[in-house]
Amino acid sequence: MFSKYFLMKDEDVISYVKVKLDSFDGNVVCKEIGDGNLNYVFRVENKQGMSVIVKQAGPQARISDDFILSTDRNRIETEVLQIQADYTPNSVPKIILLDEVMGACIMEDLKDFEIMRKKMMDFNIYPLFAEQIAEFMAENLMRTSDFIMKPLKKKELQKRFINPELCEITENLVYTEPYIDFKQQNILTEGNEEYITQHIYEDQDLHIKVAQLKQNFLTNAQALLHGDLHTGSIFINEKEIKVIDPEFAFFGPIGYDVGCLIANLTFAYMRAIAYKEQEFATWVITSLEETLIKFEEKSKIILQESKEPFAKYEKVLDNFLSNVLRESFAVSGLELLRRIIGLAKVADITTIQPLQKRIEIERLCLDLGKKCILNDDIRTIKKYLELLNKIRQGVEI
Ligand code: SR1
Ligand code: MG
């Protein structure tokens with residue numbers, strides 16, 4: 001049983017867990033709870049109240065049958081979680097079983113946690129988040145970079161996590177389609193079509209800058225990225241975070257992860273100003289600032305352990321981090337634009353009502369995103385927040 005791949009339904013998952021785990025026999029219930037764009041996520045519980053999560057990759061993406069994807073992404077996700085557990089054991093779910101035949105894994109059920117995006121959409125505040133996510137990023141990104149990871153090990157991992165199909169999704173959805181809609185699958189909000197045409201589709205300087213960033217994404221194998229580090233990939237409660245879903249992982253530019261996070265916190269901020277939630281908005285800004293400052297501090301401390309001969313020069317480490325930060329803000333711009341223009345949206349923005357308010361908030365995201373991409377001076381969190389504040393002041397919400 002389960003010796004050949006097929007896409008499981010609830011009843012198959014019950015048998016699957018009984019076959020794979022000794023502790024699950026007798027009366028077991030299962031529910032599919034996935035709400036992501038790609039995979040199937042099942043919660044399986046027994047009579048004694050024990051529960052686990054089974055995650056299975058289907059041959060197509062849930063969001064659209066047009067995305068035909070290898071189920072090997074489940075192996076990548078599971079192995080990356082195991083690597084991240086070496087560096088940040090408290091910030092990732094525990095893996096119970098990896099099954100490469102079924103393209104599935106069994107993992108700890110994070111019942112005491114909730115998806116951060118959902119909680120932020122209700123304006124919940126998490127004072128420990130900045131410290132926790134800064135630690136997660138610095139540990140996992142710096143320790144898999146050439147400054148810390150041994151060269152042979154890094155190349156071995158690069159082979160294991162080459163991830164061509166999921167990288168291609170990012171290359172198209174993040175780095176190309178918001179500017180040149182060559183697949184005709186962008187979704188523009190009614191009322192913003194002309195604005196996007198004029199400010200994004202027709203801006204050649206913007207396209208040329210994005211092309212440079214795309215080259216960097218394609219070629220700059222700096223560290224093992226999470227690859228999709230948005231607030232929907234973070235489980236949270238008052239005490240801890242658990243970062244999930246690294247199926248887009250590969251060795252790429254560090255700024256891709258950091259920028260994705262910056263943009264998604266910014267979406268939460270934008271939603272807060274739409275609904276005049278001042279206390280929450282202030283917390284997001286403080287968290288953005290603290291996250292970036294702590295990320296830089298922690299990264300520098302880790303990099304000082306480097307055995308790379310050139311790492312003895314402080315300037316070498318400072319240049320490296322400064323470039324990472326500049327790229328992070330540029331990627332934040334890309335993420336801000338693609339979630340407004342492209343196929344894959346974020347609920348923080350799509351649920352803003354009435355439509356007129358959503359249109360205005362989307363334009364703020366577009367203006368901010370564009371400036372982050374074009375303006376090389378945006379290379380510190382101070383500059384980013386100044387820009388955000390300036391753009392926000394110019395609009396009456
Ligand atoms: C086809 S997948 C669309 C998006 O969902 C994932 O979460 C990634 O962000 C991807 O770009
Ligand atoms: Mg995901």
Side-chain angles (χ1 to χ4, degrees), residues 32-42 53 55-78 80-81 84 92-93 103-105 107 110 113-118 136 161 163-179 181-187 210 213-214 217-218 225-236 241-250 252 256-267 331-350 365 369:
E32 208 282 312
I33 56 166
D35 64 353
N37 293 329
L38 297 184
N39 302 302
Y40 299 87
V41 180
F42 303 88
I53 294 295
K55 182 166 182 181
Q56 188 182 29
Q60 288 152 330
R62 288 180 85 150
I63 191 174
S64 157
D65 289 353
D66 294 344
F67 294 95
I68 312 287
L69 300 169
S70 162
T71 53
D72 185 51
R73 66 187 185 275
N74 185 275
R75 194 251 331 151
I76 292 180
E77 163 169 358
T78 310
V80 169
L81 284 171
Q84 291 169 339
V92 287
C105 65
M107 67 175 99
L110 299 168
F113 291 77
E114 296 201 64
I115 289 290
M116 188 178 187
R117 187 185 307 284
K118 286 190 186 146
F136 175 85
F161 302 124
N163 215 351
E165 291 164 352
L166 275 76
C167 282
E168 192 184 21
I169 290 182
T170 304
E171 288 150 24
N172 289 336
L173 285 189
V174 179
Y175 285 90
T176 314
E177 291 176 50
Y179 311 92
D181 189 15
F182 74 104
K183 288 193 177 182
Q184 300 274 293
Q185 61 180 3
N186 286 348
I187 303 169
V210 171
L213 293 166
K214 185 174 174 182
F217 182 81
L218 289 163
L225 307 187
H226 175 284
D228 199 20
L229 192 55
H230 56 75
T231 52
S233 298
I234 300 171
F235 268 113
I236 196 160
I241 58 165
K242 302 278 183 188
V243 180
I244 59 164
D245 270 5
E247 66 203 319
F248 283 79
F250 78 114
Y256 189 77
D257 271 3
V258 183
C260 190
L261 182 79
I262 295 170
N264 281 273
L265 291 176
T266 306
F267 288 130
V331 171
S332 172
L334 297 169
E335 176 76 1
L336 283 163
L337 298 189
R338 76 104 168 193
R339 296 292 191 178
I340 302 298
I341 301 170
L343 173 74
K345 307 279 184 205
V346 287
D348 320 47
I349 303 299
T350 56
C365 294

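Values below: all heavy atoms of this structure, side chains included; hydrogens, waters and symmetry mates excluded. As the structure lists them, so they are numbered: ligands from 1, and atoms in each ligand from 1.
Side-chain atoms of I169 and E165, non-hydrogen and from C-beta on, never get closer than 4.5 Å to each other. Looking at heavy atoms from C-beta onward, Q84 lies out of side-chain contact with V243 at the 4.5 angstrom threshold.
A search for side-chain hydrogen bond (donor to acceptor under 3.5 Å, both in side chains) contacts involving T170 returns nothing, not counting sequence neighbours. A search for side-chain contact (heavy atoms from CB on, under 4.5 Å) contacts involving D72 returns S70, R75, I76, not counting sequence neighbours. Among residues two or more places apart in sequence or in another chain, the salt bridge (Lys or Arg N to Asp or Glu O under 4.0 Å) test is passed with D257 by none.
The backbone N or O of G58 sits less than 3.5 Å from a side-chain atom of R73, completing a donor-acceptor pair.
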Provide, line by line, the atom pairs where ligand 1 and the protein bring an N/O atom each to a distance under 3.5 Å; else say none.
residue, atom, partner, partner atom, Å
ligand 1, 5 (O), N37, ND2, 2.7
ligand 1, 7 (O), D228, OD2, 2.6
ligand 1, 9 (O), D228, OD1, 2.8
ligand 1, 9 (O), D228, OD2, 3.3
ligand 1, 9 (O), R338, NH2, 3.0
ligand 1, 9 (O), R339, NH2, 3.1
ligand 1, 11 (O), R338, NH1, 2.8
ligand 1, 11 (O), R338, NH2, 3.4

